[in-house]
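Treat the numbers as computed from the prediction; the structure is a model and nothing was measured. Letters A, B, ... mirror the listed sequences (proteins, then strands); counts begin at 1.
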Amino acid sequence: MVIIAVLRGHGIFCLAHSAKIVQSVQLMLDIRLLRENPDSVKARLATRGPGYESAVDAVLALDVERRSAETNLQGLQAERNRLSKEIGKLRAAKQDSSALEAEVKARSAEMQVLTEKSEKLAADQHGLLLNIPNLPQPGVPVGADASANPVIRVWGEKPAVASPRDHVAIAESLGLIDPDRAVKISGSGFACYTGAGARLERALLNFLLDLHTREHGYTEVSPPFLIRRECMVGTGQLPKFEDDMYGVDGGGLFLAPTAEVPVTNLHREEILQPAQLPIKYAAYTPCFRREAGSAGRETRGLIRMHQFDKVELVKICLPENSDAELESLTADAERVLQLLGLHYRTIVLCTGDMGFGSAKTYDIEVWAPGQNAYLEVSSCSNFEDYQARRMNLRFKGDKNRFCHTLNGSGTALARLYVALLESGLQPDGSVVLPPALHPYFGAEVIKK
RNA sequence: GGUGAGGUGGCUGAGUGGUCGAAAGCAGCGCUUUGCUAAAGCGCCGUAGUCCAAAAGGCUACCGAGGGUUCGAAUCCCUCCCUCACCGCCA
C-alpha cells in the first residue's frame, strides 16, 4: 500500500513537471540558435562526440511540424474565441444563439486532435533537446577523452617524500579514520573521521570558508541539503543523471550531490538587477553521490565516496563577464592549494571530456605522492546561459535576458585530505601540516 | 500530525461565468513644465509561442500545477504542489 502510494505520487509529480517544461521552449539550447545556425551548432556539438548531428536534425524536423500544427490550432482557437464572443453578445441581447453554439461545438473534436498532436510534438522536441549538451566555447581544445586535456599550469613541485605511503595506512596508523566502523554504519563508500582526523576535517572547512569569504569576496551560504526536483533539473543533474543521485521522500527530494545545486538555484525564477551582479557565493555542504557504475575505479580510501565534504564557489554574472569570471574563479580555487603548499596542475577539459552543461571547464588536480597520481580536487565551469534557461534566471536589461552561471569546487575536502597526509608524511610516520592550517588545527604536526 | 486561511503582472492588490491579459497604486521608461533637487501633468510599460523575408502589425497561450464542466473559465468542480497562521510534538 505504502509503496503504491509513493510510486503514484512520484509519477504524478513527474507528469506535472514535464508538462510544465513543455510549455516553455526556452530551455537548454536556444531553439532559435538551432534554427538559424544549424550547421555551426552541429559542428560545435560534433567536437563533443558523434551522434549529435542527427539529434539536431531531428529537433529541427520536429520544429517544423510542431509550428505548423500550432499555427493550425491557433487559427481554430481564434475562430472559437470570436464565435464565443458573438454568443455572449446574442445572449446579452436576449437573442437565440443555439446555431452558433452548435457550430463551435462541432469543431471541438478537431481542435482536440490538433491540441494533442501539437502537445506531443512539443514534448518530443523537448525530449530531444534534453539530450543535447551545451555548446563548447570556440577556444576549448577539441579532443575525444581525458587523454587530450592540455595542462595549462603547473604550480610547485612534487614533494620529496622518502617512502610514500597510501593515505589510508597513514590515517589508520595515526587514528584519523575508522573505515571498518564506517562500513558498519553505512556500508562501503563512507568515511568516519575520528579524533584528530575529525578535527583536521573541521579545520580544513573553516580554512576554506574563511579564505573565500574574507579574501576572495564570496558571501557565505549554508543551504539546505535536501533539494526539490525542479532545482535538480535547474542545474542539469536531472533528468539525465537521476541514477547518480540519492532520492528520498518518494523521489520528491534529493540529497545534494554538490552545493552547486541549492546555491545556484537560490535565485531561480528571479529577475535580477544588473547592479547586483556578479553574485558570488561560497557554501559548504556534504555531497552525496551514488557513484553508480564506478565500482573498482579509484575506490581506495577517501578518493571516491558516496558522501564527502566540499566547499563550493558559485557565481551569477552578466553574459559579457563570464569568461573573466571563470578565470578568477579558477584562480580562487588554485589559491587554496598554493596556501597549503600542495603541488598541483590545472588542465582545461577538451570537448569530449567536458560535463554536459558546461561551455568551458578547468580541472585542478593535486599531487598525491602515495597514489603516485594527480587527483581532481576542483572542477571550475562556465555554464553560460545553459543552467539559467533551465531555472529561468534572468536580469533586467533592455529586455529580460538570461544570466550566466559558473561554479567551481573550492575545494573538495576528502582528496585534499589525501594530498595533505601523503605530502606531509615524515619518516617517523607523523604528518606535518602546512602553516596556513596551524591556527585552524591547533597544532603543526599530527602524530600518534 | 491537527485545524484554518491563502497562491493574480517586477511589487502591493481588485476582480465569482462573456471585449479580463486582467482595475488601482508603487516601481521602471519617454516627453512636458522647471534654475538644481523635489514635485506635478501626459504617454508607455507582463511573459512566452506563432504568422510575416523583416519591420509594422496579427493571432494563440499563460491569473500555483494538472484535469474536468461549458459555446465561453482568473471566476464553477476534482486532484496535487506550495505558502502562511494557530495547536500538538520536538533539536
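Rounded to whole Å, the separation between the P atoms of B:G21 and B:C29 comes to 29 Å. For the P atoms, the distance linking B:A24 with B:C44 amounts to 11 Å, nearest Å. Using atom C1' as the reference point in both B:C51 and B:G15, the two lie 33 Å apart (nearest Å). The gap from the C1' atom of B:U69 to that of B:U16 amounts to 16 Å, rounded to the nearest Å. Nucleotides B:G43 and B:G58 are separated by 24 Å at their C1' atoms, to the nearest Å. If you take atom P in B:G1 and the same atom in B:G28, they sit 45 Å apart, rounded to whole Å. Across the P atoms, B:A74 and B:U33 are found 44 Å apart, a figure rounded to whole Å. Here the separation of B:U19 from B:C63, taken at their P atoms, is 16 Å to the nearest Å.
Below 30°, between 30° and 60°, or above 60°: for A:Tyr417 and A:Tyr193 the angle between ring planes is between 30° and 60°, a tilted geometry. Between A:His216 and A:Tyr218, the two ring planes are perpendicular [angle over 60°; tilted spans 30° to 60°]. Using bins of under 30°, 30° to 60° and over 60° for the plane-to-plane angle, the ring pair A:His306/A:Phe190 lands in the tilted bin.
Comparing A:Arg82 and A:Ser108 along RNA chain B, the residue whose closest nucleotide (by nearest heavy atom) sits nearer the 5' end is A:Arg82. Comparing A:Gln112 and A:Leu100, the nucleotide of RNA chain B nearest to each residue sits closer to the 5' end for A:Gln112.
Electrostatic pairing of A:Asp385 and A:Arg401 does not count as a salt bridge here, judged by no charged N lying under 4.0 Å from a carboxylate O. Remark: A:Glu101 engages A:Arg91 in a salt bridge, criterion side-chain N to carboxylate O under 4.0 Å. A salt bridge between A:Arg66 and A:Asp63 is present, with a side-chain N of the basic residue lying under 4.0 Å from a carboxylate O of the acidic one. Remark: A:Glu260 does not engage A:Lys310 in a salt bridge, criterion side-chain N to carboxylate O under 4.0 Å. Salt-bridge check for A:Glu215 with A:Arg335: passed, with a basic side-chain N closer than 4.0 Å to an acidic carboxylate O.
Applying the Watson-Crick and G-U wobble criteria (two distances, each under 3.5 Å), B:C44 pairs with B:G28. Remark: B:G4 base-pairs with B:C84; criterion is Watson-Crick or G-U wobble with both hydrogen-bond distances under 3.5 Å. Look at B:G72: it lacks any Watson-Crick or wobble partner with both distances under 3.5 angstrom. For B:G49, the paired nucleotide is B:C59, the pair qualifying as Watson-Crick or G-U wobble because both relevant distances are below 3.5 Å. Using Watson-Crick or G-U wobble geometry with both donor-acceptor distances under 3.5 Å, B:C89 finds no partner in any strand shown.
Which of B:U50, B:U60, B:C71 sits closest to the side chain of A:Val104 comes down to B:C71. Listed nucleotides: B:C51, B:C71, B:G49. Nearest to the side chain of A:Thr71: B:C51. Side-chain proximity of A:Arg228 to the nucleotides B:C71, B:C82, B:C51 is greatest for B:C82. Listed nucleotides: B:U50, B:C71, B:U60. Nearest to the side chain of A:Asn81: B:U60.
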Are any protein N/O atoms closer than 3.5 Å to N/O atoms in nucleotides 17-23 of chain B? If there are, list each pair with its distance.
| from | atom 1 | to | atom 2 | distance (Å) |
| --- | --- | --- | --- | --- |
| B:G18 | O6 | A:Arg91 | NH1 | 3.1 |
| B:G18 | N2 | A:Ser84 | O | 2.8 |

Check nucleotides 89-91 of chain B against the protein and report each pair of N or O atoms closer than 3.5 Å, with its distance, or say if there are none.
none

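Checking the phosphate oxygens (OP1, OP2) of B:G49, no side-chain nitrogen or oxygen of A:Arg66 falls inside 4.0 Å. OP1 or OP2 of B:G49 lies within a sub-4.0 Å distance of a side-chain N or O belonging to A:Arg32.
The CD atom of A:Glu269 sits 15 Å away from the C1' atom of B:U83 (whole-angstrom rounding). In this structure, CD of A:Gln95 is placed 16 Å from C1' of B:C71, rounded to the nearest angstrom. If you take CZ of A:Arg80 and P of B:C59, they are 15 Å apart, rounded to a whole angstrom. Here B:U50 presents its P atom at 14 Å from CG of A:Leu62, a figure rounded to the nearest Å. A:Arg389 places its CZ atom 13 Å from the C1' atom of B:A48, with the value rounded to the nearest Å. Straight-line distance from the CD atom of A:Glu270 to the P atom of B:G9: 15 Å, rounded to whole Å. Atom CD of A:Glu119 and atom C1' of B:G67 are 12 Å apart (whole Å). Atoms CD (A:Glu86) and P (B:G72) sit 16 Å apart, rounded to a whole Å.
Residue contacts for A:Arg394: at a heavy-atom cut-off of 4.0 Å it reaches the sugar-phosphate backbone alone, with no base atom in range.
In summary, the side chains of A:His212 and A:Tyr281 do not present any donor paired with an acceptor at a separation below 3.5 Å, with no hydrogens or angles considered.
Shown here are the side-chain contact (heavy atoms from CB on, under 4.5 Å) partners of A:Arg202, two or more places apart in sequence or in another chain: A:Arg199, A:Asn206.
Taken to the nearest 0.5 Å, the NZ atom of A:Lys280 stands 5.0 Å off from the NZ atom of A:Lys315. For the atom pair CD (A:Gln276) and CD (A:Glu270), the distance works out to 7.5 Å, reported to the nearest 0.5 Å.
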